[in-house]
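In what follows, a single structure is set out as structure tokens and then discussed.
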Amino acid sequence: MAETAGAFWIAHTYQAQSAADVKAFLVESRIRPAWISSIHAIGSLDLAGYSAMGIPAGCVVYSWPQRVFSGHRVVHTAVRSILLGETEMALLLDSSAAVLLASHIAVGRHNLFPLATFGAFSAFNHSELPLLEKLASSLAVQSPESASPNALLIEGSSLKRPVKKGTRFENAAWVHNPEPDSALAGCCSVLDALFTSGRKHGLAVDVEPGGLTLYTSLERM
Amino acid sequence: MHEYKLMLVGFGNVGRAFARLLERKQETLRSEFDFSTSISAIATGRHGIAVDPGGVDWQQAIRLVEHGRSIDPLSTRHGLDSITEMIRSTPADFLFENSPVNHRTGQPAINYLKAALEMGMHAITANKGPVVHAYSELSALAAKKNRRFLFESAVMDGAPIFSLFRGPLPAVELRGFEGILNSCTNLLIELMEQGKTFEEAVEYGKSIGITETDPSADIDGWDAAIKVAALSTVIMGVPLKPDQIDRTGIRAITPEMIASARADGERWKLVCTAKRADARVIAKVAPQRVNQSSPLFAINGTSSYVQFETDVLPGLGIIESNPGPETTAYGLLADLINAVRNG
Ligand SMILES: NC(=O)c1ccc[n+]([C@@H]2O[C@H](COP(=O)([O-])OP(=O)(O)OC[C@H]3O[C@@H](n4cnc5c(N)ncnc54)[C@H](OP(=O)(O)O)[C@@H]3O)[C@@H](O)[C@H]2O)c1
């Protein structure tokens, strides 16, 4: 059970192509639509389908454009909004995956069992330094505990494994994202890799075409 | 555990919803945020003032106001000349200002908020008037006094638009926005689509409490214009007043125009737009026909929608479905928690 303030990863699915899929995901995760206080949808959104599902009046829906920026921005926005106390339960969607995040208050109130929490979520411009170097120094500041991840996914970069020896990333298992267009699916894959390996720290990284690098580090609970 | 004393100026739909919400949330505030609240003063326009530093009986105040009676008998202090005097002479940690909006000057709300900040209180409002007419002044005073001036529920009620640009999307440059920001006119147009005349729609709106007795602020586009001005002032950094906005209301929309749009698969909407042009913002509120490819097409009933164009995101849309005073009260509560955490 989560005891301290934070944002928690509650559930995810790779099957989120329609409102019906998402409804089935919520049922399976034992989440009532009425608990959801915000929806972040990347790409087109079937507003009528979601209204019919019983999402409460007053639920704020964010409709993000498709594929012009990293989906990590959406994850970061939702996490920050939970940390600021603005939202208690957020449903994140793109054309491939759905993820449910909750505040510690929602976790306690609805007796939820979080799968993970967020070690760090940040962004930097890596044009002047090699990606891994800049990533290591950013992580060292943001979240020293997750600076040596056990599972790593890097997208949007020409960087290919194996990761250079002597870096903080040399022991990280390289994760495959089955849906390369979906940063949400990328984060889900990192978390699944942690559950498969029984390890704790995972990191999903995405480099936007302009060079801005966004990363989300997950800590399995 | 700290107990914060709150002062409520304006005890209408929003003020009363906020008092009820506070009561429901006391346990959460205690267990999760380590504070509790009490209401030390309530002020209204025509229903009196009640001050009790030990805690006003707000439930009785609701009963009195809802029966059209004065709350003066609940007060332990009498002879206050004005609400400003009440603010200056009653110890409190927060002022919640929810009096009616004054589109032209933002008064008297600005004076209330100023007095509260000067007395060392945090100042929170759902009122757009002070945001548009005194944003810089009140923000500067709050900063000087190390207090917060927050107004999250002033535009789109509980949707955290202002804090989105303070927090999760800092340093993005907002180039413009487009949206439906007045829920009353959106509903009236929808009623006309269902076959009502403009006058019948307004009457029906009044009967279900959506339309004010004097609906001109909504119908003539003033409410939409002041929201556009608030967004421009705060998140685009370009101060605008409602009368600087090119504004046309919905009075001229006829059943024939509705039918003609429908025949072409389109709908009429009261559309708000703002676009940065060098150091200026060009803003407009006007009825427009929108087709099915527009995200505005599907915004029904009293829902609101705004789509932001930023340098990094070509279209972040935010929809709030069928909000009401309760949702506004949630926005006020979020501001309270925010101020306690970061104040
Ligand atoms: N209703 C919503 O859903 C909503 C949503 C977002 C923002 N807001 C904003 O929230 C504010 C309150 O809205 P509301 O719906 O609660 O309005 P309301 O029901 O008309 O209530 C207004 C309250 O302010 C009092 N008042 C009137 N003149 C005053 C004055 N000169 N000084 C101090 N108090 C005065 C009124 O007292 P008397 O009744 O005794 O005159 C009443 O208690 C407005 O600024 C509105 O724009 C409302």
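Residue numbers begin at 1 in each chain, while the letters A, B, ... track the order of the sequences.
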Exercise. Would you name the heavy atoms of A:P65 and B:G315 that are closest together and state the gap between them?
Key: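 Of all heavy-atom pairs spanning A:P65 and B:G315, the closest is CD-O, 2.9 Å.
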Quiz prompt | Heavy-atom pair of closest approach, residues B:E320 and A:V60 | solution =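 Closest heavy-atom pair between B:E320 and A:V60: OE2-CG2, 4.5 Å.
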Drop me the distance from [X]'s [atom1] to [Y]'s [atom2], to the nearest 0.5 angstrom.
| X | Y | atom1 | atom2 | result |
| --- | --- | --- | --- | --- |
| A:S63 | B:Y305 | OG | OH | 5.0 Å |
| A:E86 | B:L333 | CD | CG | 12.0 Å |
| B:L316 | A:R73 | CG | CZ | 11.0 Å |
| A:R80 | B:S163 | CZ | OG | 11.5 Å |

What do you reckon, is [atom1] of [X] surrounded by more than 12 foreign heavy atoms closer than 6.0 Å?
| X | atom1 | value |
| --- | --- | --- |
| A:K23 | NZ | no |
| A:E28 | CD | no |
| B:K5 | NZ | yes |
| B:F35 | CZ | yes |

Quiz item: B:I337 versus chain A, heavy atoms under 4.5 Å apart: side chain, backbone, both or neither?
Solution: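 It is neither, since no heavy atom gets under 4.5 Å.
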Self-check item: Partners passing salt bridge (charged side-chain N to carboxylate O under 4.0 Å, His left out) against B:K269 (at least two apart in sequence or in another chain)
Solution: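 B:K269 satisfies salt bridge (charged side-chain N to carboxylate O under 4.0 Å, His left out) with no other residue.
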Exercise. Could I get the full list of side-chain contact (heavy atoms from CB on, under 4.5 Å) partners for B:Q288, not counting sequence neighbours?
Key: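 With sequence neighbours excluded, B:Q288 shows a side-chain contact (heavy atoms from CB on, under 4.5 Å) to B:V271, given in chain and number order.
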Practice problem: Find the one option among B:T327, B:T28, B:N300, B:I318 whose heavy-atom pairs under 4.5 Å with chain A are most numerous. | Solution: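 That would be B:I318.
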